[in-house]
Protein chains: 2
Amino acid sequence: MAERVTAQMVAERAGVSQSAVSRVFTPGASASPKTVEKVRKAASELGYRPNVLARAMVSGRSRMIGLVVAYLDNQFYPEALEKLSNALQAAGYHVLVFMASQKAGNINSVVEEILDYQVDGIIMASVALSSDLTSRCQAAGVPVVLFNRYQDLEGTSAVTSDNRAGARLIGEFLVAGGHERIGYIAGWEGASTQRDREAGFREALSEAGREIHSREVGDFSTDRTFAAARQMFDRPAEQRPDAVFVANDHMALIVMDVLRYELGLSVPGDVSVVGYDDVPTAGWLAYRLTTVRQRANLMVEETVKALLESIDSPETARPRHVTIEAPLIVRASARVPEGWTT
Amino acid sequence: MAERVTAQMVAERAGVSQSAVSRVFTPGASASPKTVEKVRKAASELGYRPNVLARAMVSGRSRMIGLVVAYLDNQFYPEALEKLSNALQAAGYHVLVFMASQKAGNINSVVEEILDYQVDGIIMASVALSSDLTSRCQAAGVPVVLFNRYQDLEGTSAVTSDNRAGARLIGEFLVAGGHERIGYIAGWEGASTQRDREAGFREALSEAGREIHSREVGDFSTDRTFAAARQMFDRPAEQRPDAVFVANDHMALIVMDVLRYELGLSVPGDVSVVGYDDVPTAGWLAYRLTTVRQRANLMVEETVKALLESIDSPETARPRHVTIEAPLIVRASARVPEGWTT
DNA sequence: GTGAAAGCGCTAACAT
DNA sequence: ATGTTAGCGCTTTCAC
């Protein structure tokens with residue numbers, strides 16, 4: 001049953017050499033119309049398809065991209081994964097998935113495993129890379145691009161939204177909205193997205209002569225965000241923020257739930273809430289979350305472009321940091337300043 | 001830079017043959033402690049790791065599993081993907097992802113592509129398989145298991161929750177709740193989940209001498225579900241259902257939104273809503289959706305078990321249909337019958 | 001227990 | 001344009 005059909009078998013049936021068969025199935029090769037005809041016929045009769053692995057061995061290109069991803073519970077990532085996979089598929093590549101927790105040891109061994117598969121490139125989504133890991137990949141000649149993370153590492157490209165500018169927009173929006181006490185709920189402190197968003201947000205406040213009223217850490221985790229929200233808001237009206245920027249939508253939606261259903265507060269009546277990402281759920285009628293959009297399509301496009309460029313011309317391609325503009329999406333979870341226009 | 005370290009290089013440095021190196025890195029092989037020692041030392045000095053692809057060529061096992069998946073916007077699937085990938089990783093396999101739309105032509109070519117990678121097995125999540133595709137996989141000796149889909153095809157295993165029994169539970173619950181007019185919003189009619197859930201639901205109603213008051217099709221799609229919900233509920237109170245079973249949570253949450261925020265109805269005051277899947281969002285405070293739980297962990301466990309069994313003993317392993325019990329999770333989106341106990 | 005040798009299925013010079 | 005030849009990096013008989 002498990003009889004593999006080889007190029008050799010096709011060659012015999014078509015009455016040509018095995019390399020002729022190879023040429024017919026190799027994009028940039030030359031064969032006479034007659035040969036092509038015969039080979040195609042024999043191949044389809046036999047149900048022959050080239051073995052990608054064998055091809056990879058000799059050509060040195062596996063047409064596989066390793067994708068490392070940590071949290072699929074943050075809706076932004078499934079969306080990104082789907083789009084990444086589709087874009088890569090369209091370019092003739094396929095995605096080998098590696099789940100990694102943020103634990104350093106784990107991510108280390110995960111990257112080793114990826115390399116074992118001779119992938120042509122690696123995309124790290126939501127995970128950071130140690131610098132020795134980076135050199136390991138470089139030594140192996142495998143380009144890496146960071147998706148939604150930034151690190152200033154030699155030879156590593158990164159694609160992010162403009163987290164800093166996006167968060168500034170939020171700061172300005174909240175200040176213009178006339179809020180008195182503005183809070184911030186942080187993500188995991190090890191993440192560049194967290195740091196950049198907080199920095200941009202603080203900048204905007206500080207330029208308005210304001211500062212953060214209170215700050216908690218939600219770590220991008222569901223449980224810790226519940227705790228953070230209660231900690232920040234379960235107190236008398238005068239002591240709690242009347243506006244809060246939550247470092248991503250996943251956490252912001254949880255904060256809205258705590259506010260409305262645990263504490264009986266009105267959003268945005270009592271508290272304005274703003275998130276970051278614009279995941280699908282953010283637009284749902286139960287939330288109508290004001291947020292900053294990470295344009296997944298563009299981010300994916302740039303990621304794939306950077307990666308393929310590094311693969312196709314390893315010598316000339318320079319690692320780059322692409323920053324995608326991130327627009328404020330005004331919905332109904334935060335008070336809108338008078339006369340505000342997009 | 002891109003100097004690959006080969007077993008040959010390790011062999012030279014360790015002063016042994018290349019096959020000795022291979023044996024040291026092959027689980028079931030024999031080598032003297034002395035050799036192991038020397039080889040390990042040389043290998044780690046050189047940073048050697050076996051090339052999985054080369055190993056795959058000769059051994060005939062690639063340690064890759066092809067995963068075909070269609071909708072990552074239904075939260076059940078990212079969750080499943082994450083768990084599947086983790087479980088497979090733990091067993092020494094890795095997941096090669098293929099996104100497929102439900103269009104027949106596409107799925108056909110996707111499976112061909114998977115086979116080209118010489119995967120050791122295939123998991124089809126949320127997609128159906130034509131019977132000629134099935135024979136193609138069988139001819140290639142690649143076992144297939146359907147995840148969350150069932151088809152009565154020779155030689156194909158399938159793992160599902162007990163959709164029929166789960167949906168019966170819902171029917172009984174709604175009847176016991178004293179609802180007058182019970183509606184049903186269907187998923188994509190091509191899906192076995194849709195068919196089984198509807199069948200179980202109708203059975204329960206019919207055993208109580210009842211039948212469905214109205215039915216619309218949401219196709220598991222966001223847009224079509226909005227339309228279906230409006231169609232079913234945008235009418236006078238006496239003409240619309242006072243309870244509805246929606247074929248999955250993804251759609252049920254949308255229906256709740258339409259009911260509450262577009263039509264100004266109360267859930268469960270005016271309408272009881274029940275879903276199926278128990279995705280994370282279903283438990284959120286804004287929804288508190290009563291639903292039936294698909295136990296992703298168990299489903300994944302059985303899927304991996306069935307697949308690995310087929311891979312490890314192709315001759316003896318019989319294709320099987322595993323059905324996981326699916327409990328009703330009572331929350332707050334549907335009126336609870338008096339005296340109801342779990 | 002260990003080395004030599006034969007491929008796995010294919011591509012890429014190299015001739016012709 | 002086509003066939004011949006030499007591997008890609010590894011596992012696996014087969015002798016010793």
Side-chain angles (χ1 to χ4, degrees), chain A residues 2-40 42-43 46-64 92 115-120 140-142, chain B residues 2-40 42-43 46-64 92 115-120 140-142:
Chain A
E3 287 222 21
R4 297 232 167 292
V5 181
T6 69
Q8 182 57 46
M9 296 164 70
V10 176
E12 277 158 23
R13 177 177 258 258
V16 297
S17 77
Q18 187 269 345
S19 25
V21 175
S22 171
R23 280 194 274 264
V24 170
F25 284 94
T26 305
S30 55
S32 72
K34 201 153 202 158
T35 306
V36 173
E37 164 71 18
K38 283 190 298 186
V39 170
R40 287 230 179 281
L46 259 35
Y48 169 78
R49 306 204 102 220
N51 179 331
V52 176
L53 264 36
R55 179 177 280 179
M57 282 236 47
V58 42
S59 69
R61 324 220 127 288
S62 65
R63 311 228 51 121
M64 296 193 293
L115 260 15
D116 295 347
Y117 279 88
Q118 314 298 118
V119 295
D120 294 341
V142 179
Chain B
E3 287 222 20
R4 296 231 169 292
V5 181
T6 68
Q8 182 56 48
M9 296 163 70
V10 175
E12 278 158 21
R13 177 177 259 258
V16 297
S17 75
Q18 185 268 341
S19 23
V21 176
S22 171
R23 282 194 269 265
V24 171
F25 284 94
T26 304
S30 56
S32 72
K34 201 154 203 157
T35 307
V36 172
E37 164 72 17
K38 283 190 298 185
V39 169
R40 288 231 178 278
L46 259 35
Y48 169 78
R49 306 203 104 219
N51 179 331
V52 176
L53 264 37
R55 177 176 282 178
M57 283 236 47
V58 42
S59 69
R61 322 221 127 289
S62 65
R63 312 230 50 123
M64 297 194 293
L115 260 14
D116 295 347
Y117 278 88
Q118 314 298 117
V119 295
D120 293 342
V142 179

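Chain naming here is simple, since letters A, B, ... match the order of the sequence lines and numbering starts at 1 in each.
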Check every strand shown and say whether A:F25 touches a base, only sugar-phosphate, or nothing at a heavy-atom separation below 4.0 Å. nothing
Nearest-Å distance for atom pair [atom1]/[atom2], residues [X] and [N]:
X	N	atom1	atom2	result
A:R49	C:dG9	CZ	P	17 Å
A:R61	C:dC10	CZ	C1'	16 Å
B:N51	D:dC10	CG	P	6 Å
A:E37	D:dA1	CD	C1'	17 Å
A:M57	D:dT11	CE	P	11 Å
B:Q8	D:dT11	CD	C1'	14 Å
B:D116	C:dT11	CG	P	12 Å
A:E12	C:dG9	CD	P	13 Å

Has the side chain of A:S17 got a donor or acceptor atom that lies under 3.5 Å from a matching backbone atom of A:A20? yes
Minimum heavy-atom separation for [X] to [Y], with atom names?
X	Y	result
A:R4	A:M9	O-SD, 3.5 Å
A:A56	A:S62	CB-CA, 3.5 Å
A:V36	A:A31	CG2-CB, 3.8 Å

Distance test, side-chain N/O of B:Y117 to OP1/OP2 of C:dG9, below 4.0 Å: no
Are B:T35 and C:dT2 close enough that a side-chain N or O sits under 4.0 Å from OP1 or OP2? yes
Does the Lys NZ or Arg CZ of A:R40 fall within the cation-pi geometry relative to A:Y48 - under 6.0 Å from the ring centre and within 45° of the axis? no
For the CD atom on A:E37, are there more than 12 heavy atoms of other groups (residues, nucleotides or ligands in this structure) within a distance under 6.0 Å? no
Out of C:dG9, D:dG3, D:dT11, which nucleotide sits closest to the side chain of A:V16? D:dG3
Table of protein N/O atoms under 3.5 Å from nucleotides 12-16 of chain D N/O atoms:
none

For A:R13, salt bridge (Lys or Arg N to Asp or Glu O under 4.0 Å) partners two or more places apart: A:E45
